[in-house]
Each structure stands twice: as structure tokens, then as C-alpha cells.
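In what follows, chains carry the letters A, B, and so on, assigned in the order in which the sequence lines appear, proteins first and then strands, with residues in each chain numbered from 1. As the structure is a computational prediction, the values presented were derived from the model and not from experiment.
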Amino acid sequence: MLDIQDLHAKIGDKAILKGLNLNVKAGEVHAIMGPNGSGKSTLANVLAGRDGYEVTKGSVSYEGNDLLELAPEERAWAGVFLAFQYPVEIPGVNNVYLLKAAVNAVRKYRGESELDAVEFLGLIKEKMKIVKMKEDLLNRSVNEGFSGGEKKRNEIFQMSVLEPKLAILDETDSGLDIDALKIVSEGVNSLRNEERSIILVTHYQRLLDYIKPDHVHVLSNGKIIKSGGPELALELEEKGYDWIKEEAA
Amino acid sequence: MSPENMSDNIQNYISDFDQLKNDDWFSESRQSALNLFKETGFPNSRLENWKYTDVRPIKKKSFSNVTETAVSISTDEINAVRFDGLDCIEVVFINGVFSKEHSSLEGLDKGLVVENMLDALSNDQVLLAKHLTKYADDKVSPFTALNTAFIQNGTFIKVSANTVIEKPINILYLAKDSNGSLATHPRNLIVMGENSEATVIESYIGLDDANYFTNAVTEVALSPSAILKHYKIQQESLNAYHIGNLNVMQGKDSKLESHSISLGGALVRNDIHGQLAAEGAEIIMNGLYMTGDKQHVDNHTRVDHLKPRTLSTENYRGVLNGKSRAVFNGKVIVHKDAQKIEAHQNNANLLLSDDAEIDTKPELEIYADDVKCTHGATVGQLDQNMLFYLRSRAIDEETARSLLTYAFADELISNISFAPIRNRLERLVIGQLPDAALIREFTNEQT
Ligand SMILES: Nc1ncnc2c1ncn2[C@@H]1O[C@H](COP(=O)(O)OP(=O)(O)OP(=O)(O)O)[C@@H](O)[C@H]1O
Ligand SMILES: [Mg+2]
């Protein structure tokens, strides 16, 4: 599904990713943990196609194609979804209208017929239940005036409506209360299947109690310095990152 | 007369003036306004008030001020610019001349007068003598003096005390190519009785790409507790020049809500002057200008807080594209002893191209000490984070850009409470965007 090889990326003159390798197969859930500033969001942004990053070396292949060649919207059409660490507020752009346009843009790309208003409404009603999305949030401007937790929940709601093939969740668990964490996790779990891959960026082992990853990686200073199974997360929770950094040095 | 003024082609205005019907009680006022204009000529950019707007294109052109043969405009052409399904009182002018045929002024409510200025001059002399030229000062702008000299056509509206007019009054100034370039000088007067309420829409619309000059002046008198919602929609031809002046005198607890939407015109200047002359008077000024190509659009507003506890709120937004240039100047004067007033002003601009330019300037003069004033101005491009967010949600770049531009402009339109006007304006704003078709499904327009 996703194959990242020796990825180097910088912002301005600052090198941030420094030879990152990651292979994610269809149906797998990978957790990426790592210290603040190690490059986790940078990786997520590079995968989603944000401007301002220069890839100086390496490659990213997605379903056999060069992902880095694609514009952000083309990646979204092809099934890549990024749940943002800090979802932006967009005054004046209605949440539902955006979602409808997004769904139809993806359907159009897939050669499917566009959903009409009634079909679309049916779809979102169903998905709203999964993430217990409040109806009044739907009709507001995108994220405008949403609480931190509501923004995160909106990201997962969008994800469940768009049904991506590759979902990258950048600290979606940060800022969620315990109930919301469960709901969001259920939302993610309900999407899990053999064709869909998920990358979870998180600082907390707790999330991984709810969403069992197949692999856990530690990203430090722009590289994956250790990979393992779910037990690695428990070990990190207990011991922090220093021992791995030393091990890797 | 200085030689400089002679080159202004003002000779043209003088000779046209002589051809006017000018034998009524108002003739002296016209004559003295013309004399004033002869003395001053057109404003030049050495004047502070005209620093950023060069009116030489207007000066240089010899416009004809006399509409000889009325061009014919079909009902279909007018329908195309009417408000869909809006039940309104309508006053239509074609190339500056009142069209009885296309207007609908029958069966007006008791307590409402709507008529062409020429008729008002003979029918309502007493009232006009009291109000006409009393709020727009010929000495402040030569264009106002020129307008006064040519007062013939225009709309006179009078709402009696304690009368609420539910139907909007829609005034259409339509321009269409005729022989030669025309200058028209519409003059409107709106007199609102105590505790009355009305909605007035002034639209200036070019039906083709003709070159002409509209020099409009509107005066408004609000008696105590009167409420006027005033909309000005400027959609002149892209080759036209438009100078428009709105002047309001406000009594106790009266309220003016002004919405000024400027979309057309090659060279445009909109002035609003509000005088809050009694306690509790409130003025709200909302404005949106969207410019492209080489358009030049200048909005000047001035509010005089003359008495305590008066309120002004101003919100103007601009969307600039191409090599266009816009000017915003918002002046607030808090006079001595006008305590406990509130004045809030904001001007936000979105530059869509590197070649577009905006000059924005708030001006506050405060001579009282217990006041609450805020002001702010911003100039920026589309927000990159928002753009990326939308694109990451499968929205293509062009659509995302249009959508954010629309959202920026719609901040002003979306809080217009009257749906037919709001919908019409939203449609106009969308139509003004580079990729109009792409974003219809994001708006209330979708079915
Ligand atoms: N626009 C930028 N200009 C300069 N440096 C940047 C920019 N954006 C990110 N960085 C730097 O890149 C490094 C990696 O940032 P990134 O956001 O990827 O970290 P992260 O691993 O997601 O951290 P966190 O756990 O705090 O979210 C940081 O040192 C950050 O300061
Ligand atoms: Mg991060």
C-alpha cells in the first residue's frame, strides 16, 4: 500500500526527515510515536502533500504510484486522508457542503455517480451515529468555534464519510476526554478492514489499548529508530525515549 | 476661472446646463451650484480627499448631459436584473430618465410617496425646499455641486410618521449604449417621518459595456426613531465612471443600515456621510467591493458623532484581482461633548493577485473623552492552511480558492436579514468569482 524509502525532507534550510523508511501493507495499523519535534507531523504533511516541504531524497510509493507527484486533492481522490493535529477553522465554508463536495469529488474520480442530496443525507446520518457527532456542529462553518475535542471528532467523522484507503491520524487522541477517546477509537475500528491501512501518530499508549496496532515505530530526529509490536508502546510508556536513542546512537 | 479649469471640459457642462429646463422655483439653486462648480472645477489629487483617486478620465471626456432619444430597453432586459420574485415598489430610470412605463408606482400605501424628482419638484415644493440640498453639501464635493446643478431626474421618497413600508423600494438606474457618451446626475431624496420604517435599494446597472458617467447623490433625513435599510448595488459597465454620494442626517434614536456593494465600473468613488445629530442615533455601514482588471474603486466614509450616546459600526471588505486598485478611507469624528459614543470600524482586504493594490486608512478624530472606539485594517492573501485543508479534503485547488474567496466576501452578505436581497447578492458575488460554477454547490444556491 505505502512504501517510504530513505525519505529526506526539509523546510527552508532545516532538514527534518533524514532517511525515513516505512512499509505499510493493506489492512495494517501502524502506530508512530516519538518525541516532540521529531518529525511526525512533517511526515504526515509530506504524505498529504502540503506545500513548503522539499523532498531532497528518497521516494514514497502509494499503491505502486509515486505519491509525491500528486497534488493534495489527487491524493485525497486516490484515498489518502490526513486527520490534522490542528484542524483549521474555515469561516464561511459550511461543514456539510464541504463534505458533500468531498464525497462527490472522490466518487467522480472513482467513476461512480455523484450522490444527490437525499443519498448524501442518508450517508451522513449513518456516520454521525458512529462518532456521535452533534447535528448542530454539522451545519456550522468548518471547525469554526468548535472545541478542541469537537474538531478532532469532526476529523474522524469526515474520515468515516470519506472512507479512505490510507488514513493518517496525527495525534487525534490528544485533547480528547475519555469518552470521546472511546468514541473516536470505535470510529477508527469500524473502518478497519483488509483493504484499509491506518497510521496512528500518538504520544499515548492509552490509544493503543483501544486501537490495537500491528506495528509500533519510534520516530526520532527524522528517522524510524526502532520498530516492534504493541509491546513496544508499553515499554515506551514505562521508560521514555532515551534508552532507544542511546541504543540507536 | 483659472485656465486649468478650462481644460476640464467644463464648458461642455455649462452649455448643456443652458439647454436644461430651468424655470421652476429651484432654478436659482441650480444656477448657484453650477457657479460653484465653475469655480472649483473637478477635484485634483492634490486634495487630501482625492489623493488616491485620479478623476482625469472623467475630466477629459466630453460627456453629453442631455439624453436626447431614449434608447429602448425591453422588459426582458429589465427582468434579467430584477430581483427574482420580489414583490417591490419599483422606480426605473433609463440612461438617467424616468421610465413611467417600466416603473410600478401604483397603489402605494397610504403614508408613502414615491415619485420622480421632477414631479416632486412641482408637487412637493414645500417639503423639498426644506430638505433638498440640506444634507449633501455642494461645497464639499464639486461632483455634488454638479449634480445639484443638473437636478431633474431621481427618486423622491417620503414615508409618513408611524408608517412601516413592508415592500422594498427598488430603484433601478439602467444604462445602455446610446449615441455618444452620457453623463447622468440622479438625485434622490428620502425623507423618513418619525417612527417610520422602509427598505430602499439603489441599483446602478450597465446593461452593456458602454462608456458613460453616473454622478449620483442621495440625501436621507431620518426623523426620530425612523429606520431605513439602504442598499446600494453598483454594477455599472466596466467602461463606466461612477461617483456616488450618500448623505444622511439622523435624528434621535434613528437607525440607518447601509449596505454598499461595488462590483462594476472602471473608475468608482462611493462616499457616505452620516451625521448622528441626536442622542441614540445609530449608523451601520457594511460594504463590499470586488475589483479586477484595471478597475479603480474608492470608498470614502465619514461619520460625525455630534451628540452623546450615538453609535457607528462599519465593516468593509474588499476582494482585489488583476491590476485593480481600491481605496478605503473611513473617517470618524467624535465631536466635543459627544460622550459615551461607540464607534467601531473594520476594513479587511483580500488580494488575489500580486498586481492589485489597496490603500486603506482609518481616520479617527476624537474631541470627547468618554468614548469607545475601535478600528482595524487588514490586507492579506488566501490562507494557505485553509487552502491545504480543503485540498486534503478532495477539493481541487481552483475550487478551493474560489470557495475561500467567496467565504471571505460572504461574511458581509450572509448577515443581511432580508432573504431576497441576500440571495441576489450572494449570486452576484459568486458571479464575480473566477470560477463561479465550481462553488455553487457550496452555497445556499444549491437546490
Ligand atoms: N515551517 C517550519 N519552519 C521551520 N521549522 C519547522 C517548521 N515546521 C516544523 N518545523 C520544525 O520541524 C521539526 C519537526 O516538527 P513536527 O511538527 O514534524 O514535529 P512532531 O514530531 O509532529 O512534534 P509534536 O509531537 O510536537 O507534534 C520541529 O523542530 C519543528 O520546529
Ligand atoms: Mg506533530
Check whether more than 12 heavy atoms from other residues, nucleotides or ligands sit under 6.0 Å from atom NZ of B:Lys232, and answer yes or no.
yes

Does any non-hydrogen side-chain atom of B:Tyr389 lie less than 4.5 Å from one of A:Val142?
yes

Is the number of heavy atoms from other residues, nucleotides or ligands within 6.0 Å of CG (A:Asp66) greater than 12?
yes

With respect to chain B, which residue among A:Trp77, A:Phe84, A:Tyr86 yields the maximal number of heavy-atom pairs within a distance under 4.5 Å?
A:Phe84

Closest approach of A:Ala102 to B:Ala394 (non-hydrogen atoms, all atoms of both residues):
O-CB, 3.9 Å

Look at atom CG of A:Asn139 and say whether more than 12 heavy atoms of other residues, nucleotides or ligands are closer to it than 6.0 Å.
yes

Pairs of heavy atoms under 4.5 Å with chain B: top-ranked of A:Gln158, A:Glu74, A:Arg75:
A:Gln158

Contact class of A:Asn143 relative to chain B, heavy atoms under 4.5 angstrom:
side chain

Quick one, B:Phe388 and A:Val88 - any side-chain contact, counting heavy atoms below 4.5 Å?
no

Looking at A:Leu82, A:Leu99, A:Leu98, which one has more heavy-atom pairs under 4.5 Å with chain B than the rest?
A:Leu98

Other residues, nucleotides and ligands only: do more than 12 of their heavy atoms fall within 6.0 Å of CG on A:Asn193?
yes

Quick one: are A:Arg50 and B:Asn385 in side-chain contact, heavy atoms under 4.5 Å?
yes

Roughly how far, to the nearest 0.5 Å, is the CD atom of A:Glu89 from the CG atom of B:Asp383?
11.0 Å

Distance in Å, B:Leu403 CG paired with A:Ile90 CD1, rounded so as to fall on 0.5 Å steps:
8.0 Å

When the 4.5 angstrom heavy-atom criterion is applied to A:Pro87 and chain B, the contacting part is both

Tell me the closest heavy-atom pair linking B:Arg391 and A:Ala76, and the distance in Å.
O-CB, 4.0 Å

Applying the side chain to side chain contact (heavy atoms under 4.5 Å, CB included) criterion to A:Glu73, which one of B:Glu397, B:Glu398, B:Arg393 satisfies it?
B:Glu397

Side chain, backbone, both or neither: which part of B:Ser392 has a heavy atom under 4.5 Å from chain A?
both

